[in-house]
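Heads up, the thing below is written out as structure tokens.
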Number of protein chains: 2
Amino acid sequence: MATIYDVARIAGVSAKTVSRVLNGDAPVGKATREAVEAAIAQLDYVPSSAARMMRSQRSGLIGLITGAISMSPEQNQPAGLPELFIVQGIQKSLANSGMTIMIADTSGVVEKAAPLIDTFLRHRVEGLIYVAEYHQKVSLPAISDGTPMVLANCFDDRGTPAILPDDRRGQHDLVERLITAGHRRIGYLTLRPEIAAGPLRRDGYRMALAEAGIAYDPALVENCEIEGREGETQLLWEAIDRMLRLAKPPSVFCCGNDKMALRVYGILRSMGRKVPVEVSVAGYDNYRVIAETLYPPLTTVDLPYTAMGVRAAQRLMAMISGETREDKGPTLVAGPVYWRESVTELRPANVSQLKSVKEE
Amino acid sequence: MATIYDVARIAGVSAKTVSRVLNGDAPVGKATREAVEAAIAQLDYVPSSAARMMRSQRSGLIGLITGAISMSPEQNQPAGLPELFIVQGIQKSLANSGMTIMIADTSGVVEKAAPLIDTFLRHRVEGLIYVAEYHQKVSLPAISDGTPMVLANCFDDRGTPAILPDDRRGQHDLVERLITAGHRRIGYLTLRPEIAAGPLRRDGYRMALAEAGIAYDPALVENCEIEGREGETQLLWEAIDRMLRLAKPPSVFCCGNDKMALRVYGILRSMGRKVPVEVSVAGYDNYRVIAETLYPPLTTVDLPYTAMGVRAAQRLMAMISGETREDKGPTLVAGPVYWRESVTELRPANVSQLKSVKEE
DNA sequence: CCGGCTTATGACACCGGTGTCATGTCATCG
DNA sequence: CGATGACATGACACCGGTGTCATAAGCCGG
């Protein structure tokens, strides 16, 4: 591999001059520059970032840790596709910062985070972002040196800067919109409460009901998610069946997420109920593969992953440039409701002035 | 940031001895080792990989380029979740090699690959893997220095080592299995032919029919995918409608991929046809979020992404260790048929001896 | 015509590790 | 008891860039 000295020799100049041509940090004569550029091309010279990094003490690297890319094969969950949008947002935001993003992957095993952080520190990254698969609490090893770190889609109890989805607000907005559309009996098939998003969204559901003066009916809310995912379809079937047999059955089912909504479509249709003519369905996540491909397309709430990624990157860059942020707390990012055909408007007159949120 | 000299001073030894403790490449006295380890802990010393890399001329880095992580926002396709399994396979395979994997992302823009490769070369990666979103032909800039490169899920016309899914074989196996299950009229809703997988899978479909002595009926094969994805549902609806009105309608629809199958479920049910009692459906990809969550679960063909990733990593490592591979051609990897409830067994007697492929 | 200033370039040390070689200390063996 | 070798450790150069400073050439106004 050619070095800067090889280039210098071929071009008949000093190594430092070649360095100047490469970095443009000092004026170089036209003839000299051309000679250097010719030599670089001739030798296929590629500068070594290691050597540069040593002297300049700046790596230009941002470390990104995620479990998105590969989940452990055992829990072959549908991997965190959505989470990728966070990474996308980070990349978009950092694209013009001159930073190179190094992504490492925990394979879904949290314990792998520590060695990965260590690897990053060896490479002297200037900042770290940890991206979680879903809204949750994490406890990562503390970074002993001062390398700044931001948590995305998760938080810890050390007050590390965090970027989180506003689940309460999202569910609230969806239910509010359903009420505007004329729905009064709103079934809610919830995620299991251990997940951070569960209680928050349930809060949002109750808030929206309360604001509209609708009494909360416990018979309309059931947890339909379990760890093993085996009996989940049956759990859903039974919950839906119970609710539909109520004296006042729900006119719409809010599902804990879009994946659950996908199941609910199949179950309702197997029960002989037409979606959305007889029963409406709404999801959460705006998991596009599902929400847009389902027939009919699914009304849901966007998890603003891209925006969260952008915010995470911005907050990290602010920390790197040494800005002392006053806001220590988590940054909440809300996502819009995507109104699609899976929910029937019971009182068209009421909602004529509303505009459905357009995609993009 | 503490250096090896700081550690050496605190421990009262030479820098080289600290180096020996860190790398274990030469015996060190017990008392000395403990003194050094204490100093390291005291200073929170983290060695600089840049300095190490310079001297040893080995980076221990593998560069991975993918568009999976972020697709360009305009073409908000369902991003390459499946492709992530390739990355997972690569990581799994490389986990114990002592190599650090650096992942970079093109955001779905092919032109970004060149600068990313350059960045990797600056970091002196010892090998490169390019992972494509779907089976396709690519043309990347040639690597001028000798850094080995492997293509995964794609190929070029320069004969760069490539790892590809065996689409022909996969579709063949699925159709063969359908025939074993008693199906004779097999509708095929195909992907658009520009996609590399399209013609290959169609080949497999015809091969399986031919082997079973079933005549190929063009009325049963229609392209149902278009670029814009807007009119796709209608396209599908019409094709299905046409086929179902035939004198001998199909008993099963093979879909170009699982996403299409998801649509087909909704369409068939909206037409009042029960799945799978009246019509069976099969997909391709084994896109788990869809295939396992659909009700009933979808019969499909696995795209062996994880295995492809493993093979890609192995082939790369072989190239790095300088093994002159005789096999220059692409490596084809076949995936199994996943037999689930979306296909009715028309002749149970026939297939009793067959075992459905178990997941994992 | 000369001091002062800008422009263009080079010499050289230095970043933080590791490879090489030399040195010192014992234990072992003939 | 001296030669031999294994073990433990240190001195020093070197990897490939860049920061600092010095130096030479060119230009300008007085």
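Values below: every heavy atom of this structure, side chains too, minus hydrogens, waters and symmetry copies.
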Angle between terminal axes - the helix from C:dC1-D:dG30 to C:dG30-D:dC1, 5 pairs each end, rounded to 10° | 40°

Nearest-0.5 Å distance that lies between atom OG in B:Ser59 and atom NE2 in A:His123 | 8.0 Å

Per-nt protein contacts along nucleotides 13-23 of chain D (heavy atom under 4.0 Å; B base, S backbone sugar-phosphate only, - none) come out as BBBBBBBB---

Is the backbone of B:Thr3 close enough, under 3.5 Å, to the side chain of B:Asp6 for a donor and an acceptor to pair up by distance?
-> yes

B:Ser321 (side chain) donor-acceptor with B:Met317 (main chain) under 3.5 angstrom | yes

Contact under 4.0 Å: A:Thr32 side-chain N or O vs C:dA8 OP1/OP2 = no

May I have the step-by-step check of salt bridge (charged side-chain N to carboxylate O under 4.0 Å, His left out) for B:Asp25 and B:Arg20, ending in yes or no?
-> CA-CA 6 Å; B:Asp25 53 355; B:Arg20 281 192 267 258; 5.9 Å; no

Answer yes or no: does a side-chain N or O of A:Ser14 lie under 4.0 Å from OP1 or OP2 of C:dT9?
-> no

Which distance, rounded to the nearest 0.5 Å, do you find between the CG of B:Leu94 and the CG of B:Leu64?
-> 9.0 Å

Backbone N or O of B:Gly159 within a donor-acceptor pair of the B:Asp156 side chain at under 3.5 Å?
-> yes

Just by distance, with hydrogens left out, do A:Thr331 and A:Arg315 show a side-chain donor and acceptor under 3.5 Å apart?
-> yes

Where the side chain of A:Asn153 meets the backbone of A:Val131, is there a donor-acceptor pair that is under 3.5 Å apart?
-> no

